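Here the structure is a predicted model, which is why all the values come from computation and not from measurement. These numbers come from the heavy atoms of this one structure, side chains and all, not from hydrogens, waters or symmetry mates. The first residue of the sequence shown is numbered 1, and numbering continues consecutively from there.
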Amino acid sequence: RCKIKTQMTKFKIGDEWWTTPTESENGNRIIVTGRRGVENAIASGKFNDRIEITWKYDSDKNGMPDFKTSSLMEAVTDALNAAFKKDQAAILTGIYTGDGERNWVFYTRNLKKFQYILNDALHTGKYDRGVIVDILCRERPRLGRISGNEGQDRDFGRRIVLTSPI
């Protein structure tokens with residue numbers, strides 16, 4: 001049995017983030033966090049699938065999570081950043097928090113590898129309660145496609161429950 005190992009192009013991906021507040025259509029606060037230094041990797045055409053991971057939570061009157069939920073979200077964000085920093089199968093480009101949900105936005109080169117790394121990153125976390133996240137994938141339009149085609153949505157058909165004993 002022969003294994004073929006492929007070398008993926010490494011990109012210099014920034015680790016500097018910016019944050020700005022905005023609001024939803026209903027007036028709830030949303031905090032938008034974006035990553036600097038990803039432009040070359042995204043423009044390379046190698047990261048063609050956009051993944052959105054959505055965590056819906058009970059919010060306060062402004063649409064924001066409570067302290068405990070926010071702390072858990074930061075732990076998940078740290079785990080995701082650490083996992084994908086090792087392997088550039090995907091790049092976390094943005095985080096949106098507010099209006100009762102947190103969205104992590106990734107661009108990936110390989111959906112199967114993304115799913116493997118995601119599962120591994122979240123499995124090793126120490127979560128004190130079950131949390132359900134939804135995952136949606138959208139294929140980016142490539143050159144030569146008909147203008148106006150925004151890509152095809154593909155639901156992973158997965159709801160992941162983040163749990164671990166206390």
Side-chain angles (χ1 to χ4, degrees), residues 11 13-43 47-109 111 113-140 150-151 153-166:
F11 292 93
I13 297 171
D15 209 17
E16 184 179 331
W17 297 80
W18 53 266
T19 301
T20 189
T22 188
E23 61 181 41
S24 65
E25 291 178 11
N26 63 13
N28 279 339
R29 182 181 313 137
I30 297 178
I31 304 298
V32 179
T33 303
R35 187 179 210 157
R36 289 189 167 90
V38 298
E39 296 81 6
N40 289 339
I42 300 300
F47 296 87
N48 289 314
D49 292 304
R50 176 186 167 111
I51 308 284
E52 291 182 33
I53 300 175
T54 302
W55 173 344
K56 295 185 189 243
Y57 57 83
D58 292 328
S59 64
D60 66 14
K61 65 181 180 177
N62 296 314
M64 301 308 289
D66 61 26
F67 180 77
K68 186 175 182 180
T69 303
S70 179
S71 297
L72 185 55
M73 288 176 174
E74 288 311 307
V76 170
T77 299
D78 291 345
L80 294 173
N81 270 325
F84 287 103
K85 187 173 188 172
K86 292 179 195 171
D87 184 317
Q88 290 184 349
I91 302 169
L92 176 59
T93 61
I95 304 166
Y96 301 82
T97 306
D99 203 22
E101 64 184 42
R102 169 164 285 189
N103 295 288
W104 290 274
V105 178
F106 289 87
Y107 285 89
T108 185
R109 322 182 192 216
L111 290 172
K113 194 165 190 178
F114 174 86
Q115 195 168 8
Y116 173 80
I117 293 169
L118 175 71
N119 287 337
D120 191 51
L122 298 179
H123 177 72
T124 60
K126 292 185 169 103
Y127 310 108
D128 64 350
R129 59 183 171 172
V131 175
I132 296 174
V133 296
D134 293 312
I135 302 174
L136 177 71
C137 175
R138 175 179 286 267
E139 185 178 9
R140 283 180 41 189
E150 291 299 316
D153 282 350
R154 290 179 279 162
D155 189 336
F156 270 123
R158 312 233 325 143
R159 294 188 83 127
I160 298 176
V161 181
L162 309 178
T163 60
S164 116
I166 297 176

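Between Trp104 and Trp55, some side-chain heavy-atom pair lies under the 4.5 Å cut-off. In this structure, the side chains of Ile95 and Thr19 stay at 4.5 Å or more apart for every pair of heavy atoms. Counting heavy atoms from C-beta on, the side chains of Phe106 and Leu80 come closer than 4.5 Å. Counting heavy atoms from C-beta on, the side chains of Asn81 and Trp17 come closer than 4.5 Å. Residues Leu118 and Ile53 have side chains in contact (heavy-atom distance under 4.5 Å, counting atoms from C-beta outward).
Side chain of Ser59 to main chain of Asp99: no donor-acceptor pair is present (N/O by atom type, distance under 3.5 Å, no hydrogens or angles). A donor-acceptor contact shorter than 3.5 Å is absent between the side chain of Asn62 and the backbone of Met64. Between the side chain of Tyr116 and the backbone N or O of Leu111, no donor-acceptor pair lies under 3.5 Å. In this structure a side-chain-to-backbone donor-acceptor pair under 3.5 Å is present from Asn119 to Gln115. Side chain of Arg29 to backbone of Pro21: no donor-acceptor contact under 3.5 angstrom is found. One N or O on the side chain of Arg35 and one on the backbone of Leu92 form a donor-acceptor pair closer than 3.5 Å. Between the side chain of Thr108 and the main chain of Ala89, a donor-acceptor pair closer than 3.5 Å is present.
Atom CG of Asp58 has 12 or fewer neighbouring heavy atoms from other residues, nucleotides or ligands inside a 6.0 Å radius.
Aromatic pair Phe84/Phe114: centroids less than 6.0 angstrom apart.
Rounding to the nearest 0.5 Å gives a distance of 13.0 Å between OH of Tyr96 and CD1 of Ile31. Interatomic distance, CD1 of Ile51 versus CD1 of Ile91, reported as 12.5 Å (0.5 Å rounding).
Residue Ile117 comes nearest to Ala83 through the heavy atom pair CG2-CB, 3.7 Å, listed as atom of the first residue, atom of the second, then distance. Closest heavy-atom contact between Tyr57 and Met73: CD2-CE, 3.0 Å.
Residues passing the side-chain hydrogen bond (donor to acceptor under 3.5 Å, both in side chains) test with Ser71: none are found, sequence neighbours excluded. Glu23 pairs by the side-chain hydrogen bond (donor to acceptor under 3.5 Å, both in side chains) definition with nothing, not counting sequence neighbours.
A donor-acceptor pair shorter than 3.5 Å can be found between the side chains of Thr97 and Arg102.
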